[in-house]
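All residue numbers refer to positions in the sequence shown, counting from 1.
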Amino acid sequence: QKIARVETQEDAYEMTDELIDRYGYVPEVVENLITISRIRYLCGLCGIESVIQRSFDVQFIMAGGNKLVKPLLSEKDKEILGEILDFLTQ
């Protein structure tokens, strides 16, 4: 439940630190859950109600039912998106 409340990068760091203190490490699966929680929060701020990943693309369902379909990101795209996310959350 605490992971579901992660909103900011600081929240993510604090959650990771808490898990390391308690268990000694954080498995990649748990790191992914923390990231997903943060993405859900940011999507909500943008009016995105749902994100659905399929084999070759990701669908963003907006308030009102409009859909935005994007192909899955390359590693370079992920790097650029990460930089944008870092900039927006500073």
Practice problem: Tell me who clusters with I52, hydrophobic residues only, linked when side chains sit under 4.5 Å apart either directly or through other members. | Solution: I61
Quiz item: Got a sec, which pairs hit side-chain hydrogen bond (donor to acceptor under 3.5 Å, both in side chains) with one end in residues 41-52, sequence neighbours left out?
Solution: none
Quiz item: Which residue pairs pass the salt bridge (charged side-chain N to carboxylate O under 4.0 Å, His left out) test with at least one member in residues 30-44, sequence neighbours excluded?
Solution: none
Self-check item: Residue pair S37 / A4: nearest heavy atoms and the distance that separates them
Solution: OG-O, 3.1 Å
Quiz item: Linking I/L/V/M/F/W/Y whenever any side-chain heavy atoms sit under 4.5 Å apart, do V51 and V69 land together?
Solution: no
Quiz item: How would you list all residue pairs meeting salt bridge (charged side-chain N to carboxylate O under 4.0 Å, His left out) that involve residues 5-15, not counting sequence neighbours?
Solution: none
Please set out all donor-acceptor pairs under 3.5 angstrom arising from side-chain atoms of residues 16-29, sequence neighbours excluded.
from: T16; atom 1: OG1; to: A12; atom 2: O; distance (Å): 2.9
from: E18; atom 1: OE2; to: K2; atom 2: NZ; distance (Å): 2.9

Exercise. Examine I36 and I34 and state if one hydrophobic cluster contains both, with Ile, Leu, Val, Met, Phe, Trp and Tyr joined whenever side-chain heavy atoms are less than 4.5 Å apart.
Key: no
Quiz prompt | Partner set under side-chain contact (heavy atoms from CB on, under 4.5 Å) for T35, not counting sequence neighbours | solution = I39
